[in-house]
Protein chains: 2
Amino acid sequence: MRLVIARCTVDYNGRLSAHLPEAVRLIMVKADGCVAIHADGGAYKPLNWMNAPNTLVDNGDHWVVTNPKAEQLVINLLEIIHEAGHELGDDPGLQKDGVEAHLQELLAATPGSIELGLTLVRREYPTAIGPIDLVCRDASGQVVAIEVKRRGEIDGVEQLARYIERLHLDSSLGAVRGVFVAQVVKPQARVLAEARGFTWVEVNYDDLRGLQTDELRLF
Amino acid sequence: MRLVIARCTVDYNGRLSAHLPEAVRLIMVKADGCVAIHADGGAYKPLNWMNAPNTLVDNGDHWVVTNPKAEQLVINLLEIIHEAGHELGDDPGLQKDGVEAHLQELLAATPGSIELGLTLVRREYPTAIGPIDLVCRDASGQVVAIEVKRRGEIDGVEQLARYIERLHLDSSLGAVRGVFVAQVVKPQARVLAEARGFTWVEVNYDDLRGLQTDELRLF
DNA sequence: GACTCTATCTCGGTA
DNA sequence: TACCGAGGTAGAGTC
């Protein structure tokens with residue numbers, strides 16, 4: 001990784017055009033070739049950047065970074081204040097816990113936590129417009145399509161609506177009911193879900209993990 | 001800006017849990033307090049981060065960064081390889097050209113480029129669920145609601161559908177037709193638009209800019 | 001503060 | 001490769 005602190009101007013021409021007036025910034029060039037230009041604030045996002053793969057041509061007072069789509073980043077170096085290179089080596093990568101996939105797994109293991117009497121038919125039930133998170137049957141035998149989200153927003157309700165529209169074309173399933181499940185369901189999503197005739201349920205991730213542990217203890 | 005190259009492990013607990021095994025990484029602390037941990041590859045996004053505002057407690061061998069929502073980033077420093085601080089000063093900020101707003105302006109100036117005979121009623125037409133990009137009338141006098149996107153994907157079609165549903169409640173407008181406009185309309189968005197009874201149109205940004213220049217020349 | 005929408009979104013999976 | 005969906009989305013704007 002090459003770190004350069006420099007007074008510079010930067011121009012990007014590609015999906016849009018962008019220009020950075022003269023100022024002191026950090027220019028980061030990673031081992032994979034990607035370039036990022038950071039100011040001393042404004043969260044983690046760089047002001048300007050070029051992902052790998054690309055080719056960097058160092059013309060001394062200005063660098064030209066070009067990617068295969070012919071997008072171009074031009075960095076004009078007016079004054080180099082500091083420069084350093086470091087070998088970091090490979091990174092083992094980030095391990096995550098608590099993303100939507102985990103929530104879906106937990107709910108598939110304990111569908112009764114969504115609604116009493118619910119039994120799982122299938123996870124990732126395939127349709128022509130994409131898989132439905134969970135398909136279940138309720139106590140009365142009716143098919144229930146379930147959309148799982150970490151954060152329940154309006155988009156998720158629309159997604160569920162599309163799936164159910166699709167399932168209604170499959171006459172073998174009979175009438176299909178929709179349930180929208182999330183850790184938090186936003187007010188507007190609640191309204192839309194109800195307007196579409198769906199029920200919505202908020203679930204707690206830690207409780208679910210506890211439930212699953214309890215179930216495992218029974219075996 | 002403080003730059004530290006160190007062998008470290010990192011744990012984040014907040015909206016999800018994430019863990020980084022031991023490796024050499026760049027730790028960047030900006031003047032506004034935000035912290036980012038970078039590997040030597042993988043585009044501009046850091047492996048882990050904590051935005052401002054937050055409080056950083058330096059316990060020597062480990063840092064604890066906490067934000068107001070009680071989300072926490074813990075950095076265990078096993079070996080500090082390099083450390084440096086730099087004063088960058090304020091940044092004048094990025095100037096952009098070619099984002100959706102510009103596309104919308106150009107289309108508002110030349111609605112005929114979407115469909116022959118179209119005239120603008122209003123840009124950012126207000127509704128209870130957000131503004132409609134463009135509302136026009138066609139040659140026959142029918143109201144046309146237009147959603148503009150740089151990249152036309154399925155979400156944009158749903159957005160248009162919600163707006164039109166809303167406009168239909170306003171009986172004074174009569175029947176409302178939907179048109180989905182983007183520089184590129186993705187296949188799934190085309191299908192959904194057609195299924196919803198909307199037409200879709202692809203437009204070219206540079207051509208539009210040319211058209212507008214031509215119109216200006218007439219005055 | 002809640003809600004909206006954009007983004008050079010990024011990133012990962014999959015067909 | 002293109003397409004699709006999730007994201008600790010972030011960030012800006014509006015109400």
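Residue numbers start from 1 in every chain, and the chains themselves are labelled A, B, ... in the order their sequence lines are given, proteins ahead of strands.
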Engineer: Among dT6(C), dC3(D), dT8(C), find the nucleotide with the atom closest to the side chain of Tyr12(A).
Structural biologist: dT8(C)
Engineer: Considering just the side-chain nitrogens and oxygens of Asn51(B), establish if one lies under 4.0 Å of OP1 or OP2 belonging to dG11(D).
Structural biologist: yes
Engineer: Rounded to whole angstrom units, what separation is found between the CD atom of Glu153(B) and the P atom of dA6(D)?
Structural biologist: 13 Å
Engineer: Mapping Pro131(B) and Leu94(B) onto DNA chain C by nearest heavy atom, which one lands closer to the 5' end?
Structural biologist: Pro131(B)
Engineer: Using atom C1' of each nucleotide, how far apart are dT14(C) and dG8(D) to the nearest Å?
Structural biologist: 25 Å
Engineer: Look at Asp97(A) together with Arg209(A) and state whether they make a salt bridge at an N to O cut-off of under 4.0 Å.
Structural biologist: yes
Engineer: Let me see the working for His62(B) and Asn76(B) under side-chain hydrogen bond (donor to acceptor under 3.5 Å, both in side chains), right down to the final yes or no.
Structural biologist: CA-CA 4 Å; His62(B) 70 284; Asn76(B) 291 291; 4.8 Å; no
Engineer: Given dC11(C), is OP1 or OP2 found less than 4.0 Å from the side-chain N or O atoms of Lys45(B)?
Structural biologist: no
Engineer: Mind running salt bridge (Lys or Arg N to Asp or Glu O under 4.0 Å) on Glu165(B) and Arg196(B) for me, showing each step along the way?
Structural biologist: CA-CA 11 Å; Glu165(B) 196 178 328; Arg196(B) 293 264 186 281; over 6 Å; no
Engineer: Choosing from dT8(C), dC9(C), dC5(C), which nucleotide comes nearest the side chain of Arg150(B)?
Structural biologist: dC9(C)
Engineer: With sequence neighbours excluded, tell me which residues meet salt bridge (charged side-chain N to carboxylate O under 4.0 Å, His left out) with Glu22(B).
Structural biologist: Arg7(B)
Engineer: Could you list by number each residue of residues 15-22 of chain B showing a heavy-atom separation from DNA chain D of less than 4.0 Å, or answer none if no residue does?
Structural biologist: Arg15(B), Leu16(B)
Engineer: Checking side-chain hydrogen bond (donor to acceptor under 3.5 Å, both in side chains) for the pair Gln159(A)/Glu158(B): CA distance, chi angles, key distance, verdict?
Structural biologist: CA-CA 10 Å; Gln159(A) 209 175 324; Glu158(B) 297 284 24; over 6 Å; no
Engineer: Over how many whole Å does the gap from Ile129(B) atom CD1 to dC15(D) atom C1' extend?
Structural biologist: 15 Å
Engineer: Measuring to OP1 and OP2 of dT10(C), would you say a side-chain N or O of Trp49(A) lies under 4.0 angstrom away?
Structural biologist: yes
Engineer: On DNA chain C, does the nearest nucleotide to Val99(B) precede the nearest nucleotide to Pro46(B) from the 5' side, or the other way round? Give the residue.
Structural biologist: Val99(B)
Engineer: Taking only N and O in the side chain of Lys96(B), is any of them less than 4.0 Å away from OP1 or OP2 of dT8(C)?
Structural biologist: yes
Engineer: What is the nucleic acid contact for Tyr44(B), judged by heavy atoms within less than 4.0 Å: base, sugar-phosphate only, or nothing?
Structural biologist: sugar-phosphate
Engineer: Using a 4.0 Å heavy-atom cut-off, does Asp155(B) contact any base of the nucleic acid, only the sugar-phosphate backbone, or nothing at all?
Structural biologist: nothing
Engineer: Within a reach of under 6.0 Å around CG of Asp90(B), are more than 12 heavy atoms found that belong to other residues, nucleotides or ligands?
Structural biologist: no
Engineer: When we call it a touch if two heavy atoms are under 4.0 Å apart, what does Met50(B) touch: a base, just sugar-phosphate, or nothing?
Structural biologist: base
Engineer: Closer than 4.0 Å, any side-chain N/O of Arg151(B) to the OP1 or OP2 of dA7(C)?
Structural biologist: no
Engineer: Does Lys186(A) make a side-chain N or O approach to OP1 or OP2 of dA2(C) shorter than 4.0 Å?
Structural biologist: no
Engineer: So that I can tick it off, tell me whether Asp91(B) and Arg25(A) are bridged by a salt bridge, with the cut-off set at under 4.0 angstrom between side-chain N and carboxylate O.
Structural biologist: yes
Engineer: For Tyr205(B), report the nucleic acid contact type (base, sugar-phosphate, nothing); a contact means any heavy atom under 4.0 Å.
Structural biologist: nothing
Engineer: Using a heavy-atom cut-off of 4.0 Å across all strands, would you classify Glu147(B) as base, sugar-phosphate, or nothing?
Structural biologist: sugar-phosphate
Engineer: Would one find a side-chain N or O of Gln159(A) under 4.0 angstrom from OP1 or OP2 of dA6(D)?
Structural biologist: yes
Engineer: Can you check the Glu158(B) CD to dT6(C) P distance for me, whole Å?
Structural biologist: 14 Å
Engineer: Any chance you could lay out the side-chain hydrogen bond (donor to acceptor under 3.5 Å, both in side chains) test for Lys149(A) and Gln183(A), step after step, and finish with the verdict?
Structural biologist: CA-CA 7 Å; Lys149(A) 286 271 179 273; Gln183(A) 288 172 278; over 6 Å; no
Engineer: For residues Lys45(A) and His38(A), is any side-chain donor paired with an opposing acceptor at under 3.5 Å?
Structural biologist: no
Engineer: Rounded to the nearest angstrom, tell me the gap between atom CG in Asn67(A) and atom C1' in dT10(C).
Structural biologist: 15 Å
Engineer: Quick one: Lys149(B) NZ to dC9(C) P, roughly how many Å, whole number?
Structural biologist: 13 Å
Engineer: What's the CD-C1' distance between Glu124(B) and dG13(D), to the nearest Å?
Structural biologist: 10 Å
Engineer: Does dG8(D) pair with anything, Watson-Crick or G-U wobble, both distances under 3.5 Å, and if so, with which nucleotide?
Structural biologist: none
Engineer: Between atom NE2 in His38(A) and atom P in dA10(D), what is the gap in whole Å?
Structural biologist: 16 Å
Engineer: Please state how far atom CD in Gln104(A) lies from atom C1' in dG13(C), giving the value in whole angstrom units.
Structural biologist: 14 Å
